[in-house]
Amino acid sequence: MINHLDMTLTSIPAPSQPVSGTGALVARAVHLLVFLVAIVCQQSQAMAQEPPESQHVLVTREMLEAALDLPCPEVSLLRTPDRKKLSLAVCLDYLSNLMSDAAGFPVYLLPDRAELELDGISDLNDIEMRPLKIPAGTHTFRDVLSIMPQHELERDPELRLLPRERYILLTTAIAAELDENMESHVYDIADLLKTLRTDGPPEGLRTGPVGASTADLFIQTVHDMTSPRTRWFDIDGEGGRISKFGDSMVIRQDYFTLQTIQQLLTKLRHPVSLDSQQPRFAPRRGNGSTLNTRDMIERVWNLPSPIFQLGNQGGPRPDADQFLKLMERHMSEAAGFPVSIRVDWPELDIDGVRSLREISMRPILVASTTSSFGEVLGFAATNCLGSRPIFGFIPRERDILFSTRTAFEWDENLEIAVYDVEQLLKRLDATTRQRLSNSIRIINVDNSSGLDAGSGARTFLIHLIQDYGRAGSRWFDINGEGGRISIFGSKLVIRQTWSAQQSIRRLLQQLNVVTQTD
Amino acid sequence: MPFWFVHVVGRLVTLLSHFPVLSLRCATTFSRTVRGILTANVLRHLFARTRGNGPPVQGLSVIAVIIAAAGSALVAQDIVLQPKADVKVTSQLLEVALDQPIGDVTSNWNADEAVPLQELLDVFASSLSESAGYGIRFVPDTDELELDGIAALDEVTVHVPPFAAGTVTYRDALTLALDETADPELAYCVRGGRILISTRTGIDLDEALELRVYDVNGLVPVVPRDLVIKLFREAVERRIRLGQLLDDRSVRPRVSKAGTVKPLSAETFRKGVSQAQAVLPTPLVIVDQGWFEQAQLALAQMVARKEQQQATQIQLEKLRQMPEAIPHERAFLALIIDQTSPPLRWYWIDGEGGKITMSGGQMFVTQSYSGHRMISELLHRLALDVAENGVPVTEAAAAFESGLGFQNNRGSGMYSVDADGRIK
């Protein structure tokens with residue numbers, strides 16, 4: 001700055017022609033004034049070049065998406081003594097400020113007034129929310145924005161926070177899926193198609209239409225893994241479309257389905273290996289500043305629970321609120337990072353549960369450390385928390401979900417898993433298939449079922465999973481609703497409930513070991 | 001006028017010209033206090049007094065010079081802010097202006113308070129004109145609005161969140177405000193050098209559809225010529241059951257005595273295509289440019305001479321003469337339509353709405369204003385993909401190489417039709 005100013009000063013020459021008397025005096029005075037003006041100019045220009053704090057850059061979709069994936073600080077949306085109720089407007093303001101601070105630019109959470117008014121919502125202050133508390137660093141803003149609308153007290157209509165080009169729109173779930181709100185995204189899947197060509201064509205009707213091209217198989221897999229919840233033009237006559245564009249796919253769908261498709265692509269690129277063993281759990285991982293992952297939550301699920309007792313015979317009955325808080329504390333202590341149990345209020349609402357304190361439970365005593373947290377939660381749900389509705393717990397991406405068993409079977413709660421079965425398929429030759437089929441026939445008491453060893457390895461594997469993966473699992477192509485299964489090249493793609501996925505994973509691992517031994 | 005005065009004024013003007021932003025700021029500040037006294041007479045009077053007077057008056061003259069410089073800057077600024085008479089405000093200029101980051105115009109509004117739409121538009125117009133440097137107006141489409149009972153835009157109220165300056169564009173803010181309206185739903189479009197505020201229905205009317213040409217060179221997927229030849233040969237080798245197609249007199253190509261093929265009607269063509277797709281393993285479908293004419297010729301020759309092998313040879317020769325890569329234009333048009341319908345209406349699907357065709361790497365699209373924006377966005381995304389992965393080769397190529405067959409080759413089933421209803 002100083003050097004630059006010196007150059008400016010020296011670059012202004014004195015009057016080249018000498019003048020005499022008053023004129024010379026004035027000229028020098030003016031010259032000095034010019035210097036002063038130059039200094040002021042330089043400083044003003046420098047100030048103009050340095051953007052003041054209040055000046056912001058144009059928000060882009062990329063910036064918004066990046067902000068959504070940032071870890072969220074502690075969310076504490078509670079009713080204060082002076083505030084009789086917690087309104088949606090307050091929650092939006094709170095989250096907007098939180099996101100803006102974390103992102104470094106203003107993040108607007110704006111109501112879609114036209115759509116909301118269609119459903120009778122004219123003022124967000126009228127919508128009452130349940131308190132929401134999320135520990136710092138365990139969830140992303142994307143997670144929080146997905147959870148927050150579920151805490152609406154009267155969930156009519158169902159709301160969604162939908163990222164747009166420069167802001168996030170609060171709209172209804174129905175409007176979020178409208179054709180006008182769909183987006184087209186281009187996905188480069190050349191790598192996936194290449195592996196598919198290497199793997200060879202699929203076999204059998206259940207693994208793809210006869211003669212289907214690689215791209216068609218991809219389209220079918222996407223359809224299978226997202227419908228019927230997502231509407232596709234090719235299936236439902238309305239909804240999204242998939243177009244081929246060389247080795248890329250142009251997919252037009254609503255924002256949330258596009259997120260699911262992105263996750264599916266990631267899983268197809270990084271399938272679960274049947275040979276991999278879970279590493280030993282390392283409980284302490286620092287100050288809890290990193291995000292929780294599904295893997296971490298599932299490991300906590302399998303950690304041994306400490307000895308504890310909640311309530312006693314003859315005393316006051318504990319309630320679900322106390323139990324959940326106690327379990328959160330125990331799990332967080334064992335894990336070394338915050339583990340929260342999220343209440344699935346939309347489902348509980350359906351069953352008339354308005355508060356966790358309404359759910360009184362039988363006393364529970366964990367007398368030894370031989371039970372895992374998952375087993376304790378399962379036991380409590382089955383034996384202590386009442387029978388109507390039947391409650392349950394499942395690990396999710398960042399936390400543990402407390403809901404009803406019925407809800408776990410619902411389409412939106414099904415999970416996608418992709419397994420690398422290349423080696424397994426190679427080992428499932430005709431002899432092995434015949435041997436497995438005979439063994440299963442012997443094991444079956446009624447001897448009515450069996451597997452057609454004459455079918456190909458892929459079809460055999462699919463039948464095996466559908467018939468013996470987990471009792472009671474519903475499959476779309478058998479029951480007309482429920483999970484889906486397909487083989488994409490050498491990858492097994494399954495959409496099922498969490499508990500069914502656990503059973504299928506164990507079955508596949510056992511199958512892997514058995515065929516290796518053979 | 002003494003030399004030193006000329007020198008100083010010149011130096012000041014030069015200096016200020018190097019700092020236009022500062023000059024304008026100075027001008028704005030001075031304008032509030034000295035606008036009334038900055039006339040040529042006052043200046044002349046002050047300058048005249050400096051000739052024979054002492055230093056105090058000369059000091060005053062210096063101040064006057066500075067004021068003059070600032071005043072001149074002010075005058076310059078005033079000129080800049082006024083709509084230039086010689087600037088023709090085109091739609092392109094308006095589109096650019098709408099995409100400018102918003103100024104500090106909404107910060108005083110409360111998101112919970114309704115604002116008359118006209119007030120919002122006036123504020124936007126003023127701010128846009130100031131930042132763009134030319135006059136920008138929002139014009140109500142009175143005919144359409146009155147049809148829906150809106151006499152003036154003052155009657156419509158909207159909510160505007162207090163956007164921080166520079167974080168969103170004028171287009172975003174305008175869209176958000178208009179999206180709030182219902183019954184009738186209002187929308188905007190840039191037309192004829194002005195921004196028109198109308199009803200959604202009015203903007204999407206057939207009369208309001210506009211033709212735009214998109215250069216899609218390099219975006220359209222290609223089929224390698226060798227592959228086309230291979231596919232064609234395979235089709236012939238498979239002994240296509242042509243009899244079924246040729247037995248149908250309505251589809252049979254008519255051959256004049258001179259040996260040229262007479263064009264079929266669009267209806268007959270569609271029937272022929274569907275039948276051809278039923279019996280052919282689809283290799284013909286991927287040959288884009290004039291494939292049907294070639295097929296017609298080939299079939300006609302087969303019928304006339306009953307020499308299938310010879311006809312095949314002719315076809316192969318024709319294929320060999322094609323460029324190295326044959327654009328798969330039809331599939332590209334199908335992609336554009338598939339990815340935009342609905343909400344866009346296309347004549348070939350809905351019986352009303354826009355039309356689309358392609359020639360020489362140029363895509364001709366007749367669509368509504370919002371439709372064109374949607375198409376531009378889609379093309380932008382495709383261009384990004386091409387920039388990363390190169391010009392796409394049709395999926396048919398991959399299918400052929402992997403030996404998966406073509407019986408279920410879906411998609412690509414779109415045929416462009418020209419303004420006269422002829423299939424291209």
Side-chain angles (χ1 to χ4, degrees), chain A residues 12 15 17 19 22-27 29-31 33-34 37-38 40-41 44-45 48 54-59 105-106 108 110 112-114 117-118 123 165-167 179-180 184-186 188 190 193 196-197 201 209-216 233 241 243-248 250 252, chain B residues 2-4 7-8 11-12 15 18-19 21-22 25 54-55 58-59 62 66 101 159 161 163-169 172 176 179-182 185 221 331 334-335 338-339 342-343 377-378 381-382 384-385 388-389 391-395 398-399 401-411:
Chain A
I12 301 173
Q17 189 177 341
V19 285
T22 313
L25 188 66
V26 170
V30 169
H31 200 213
L33 195 63
V34 166
V37 170
V40 172
C41 289
S44 303
Q45 200 176 40
S54 60
Q55 192 172 337
H56 298 291
V57 290
L58 192 61
V59 179
F105 59 86
Y108 305 107
L110 306 173
D112 183 357
R113 291 180 186 274
E117 279 186 12
L118 277 178
D123 189 350
E165 209 55 32
R166 303 193 203 283
Y167 45 80
D179 288 327
E180 300 89 280
S184 288
H185 277 241
V186 185
D188 176 18
L193 295 182
L196 203 58
R197 283 168 207 147
V210 174
S213 69
T214 51
D216 287 330
F233 191 86
R241 294 198 193 227
S243 308
K244 304 166 202 168
F245 186 63
D247 279 346
S248 297
V250 190
R252 179 168 176 76
Chain B
F3 171 78
W4 62 266
H7 176 81
V8 166
R11 183 62 63 188
L12 269 174
L15 189 67
H18 287 141
F19 304 100
V21 175
L22 183 74
R25 281 185 184 171
Q58 285 175 1
V62 170
I66 294 169
H159 293 78
F163 289 117
T167 52
V168 300
T169 63
D172 298 320
L176 189 73
D179 277 353
E180 188 187 332
T181 58
E185 190 183 339
L335 184 151
D338 277 355
Q339 290 294 317
E377 193 181 325
L378 176 61
R381 288 182 188 275
L382 294 177
L384 288 178
D385 183 70
E388 198 169 322
N389 304 311
V391 180
V393 174
T394 54
E395 188 271 338
E401 284 164 358
S402 61
L404 293 180
F406 310 98
Q407 288 87 339
N408 197 33
N409 190 7
R410 56 187 178 188

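Naming: A, B, ... by sequence-line order, numbering from 1 per chain.
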Using 0.5 Å steps for rounding, measure from the CG atom of A/Asp112 to the CD atom of B/Glu180. 9.5 Å
Please classify the contact of B/Asp179 with chain A as side chain, backbone, both or neither, using a heavy-atom distance under 4.5 Å. backbone
Segment of A/Phe233 engaging chain B (4.5 angstrom heavy-atom cut-off): neither
What heavy-atom pair brings B/Pro342 and A/Asp179 nearest, and what distance separates the two atoms? CG-OD2, 3.0 Å
So what's closer than 4.5 Å to chain A heavy atoms on B/Leu378: side chain, backbone, both or neither? side chain
Heavy-atom donor-acceptor pair, B/Arg381 side chain to A/Ser184 backbone, under 3.5 Å: yes
Atom CZ of A/Arg113 and atom OG1 of B/Thr181: how far apart are they, to the nearest 0.5 Å? 13.0 Å
Assess, by modelled atom type and distance only, whether the side chains of A/Tyr108 and B/Thr167 contain a donor and an acceptor separated by less than 3.5 Å. yes
Shortest non-hydrogen contact from A/Arg241 toward B/Gln339: O-NE2, 3.5 Å
Check each atom of B/Leu382 against the heavy atoms of chain A and say whether the ones under 4.5 Å are side chain, backbone, both or neither. both
Tell me, with the steps shown, if B/Val168 and A/Val59 meet side chain to side chain contact (heavy atoms under 4.5 Å, CB included). CA-CA 6 Å; B/Val168 300; A/Val59 179; 5.5 Å; no
At a heavy-atom separation under 4.5 Å, does B/Pro161 approach chain A through its side chain, its backbone, both, or neither? side chain
Show your working on side chain to side chain contact (heavy atoms under 4.5 Å, CB included) between B/Leu384 and A/Val186 and close with a plain yes or no. CA-CA 9 Å; B/Leu384 288 178; A/Val186 185; over 6 Å; no
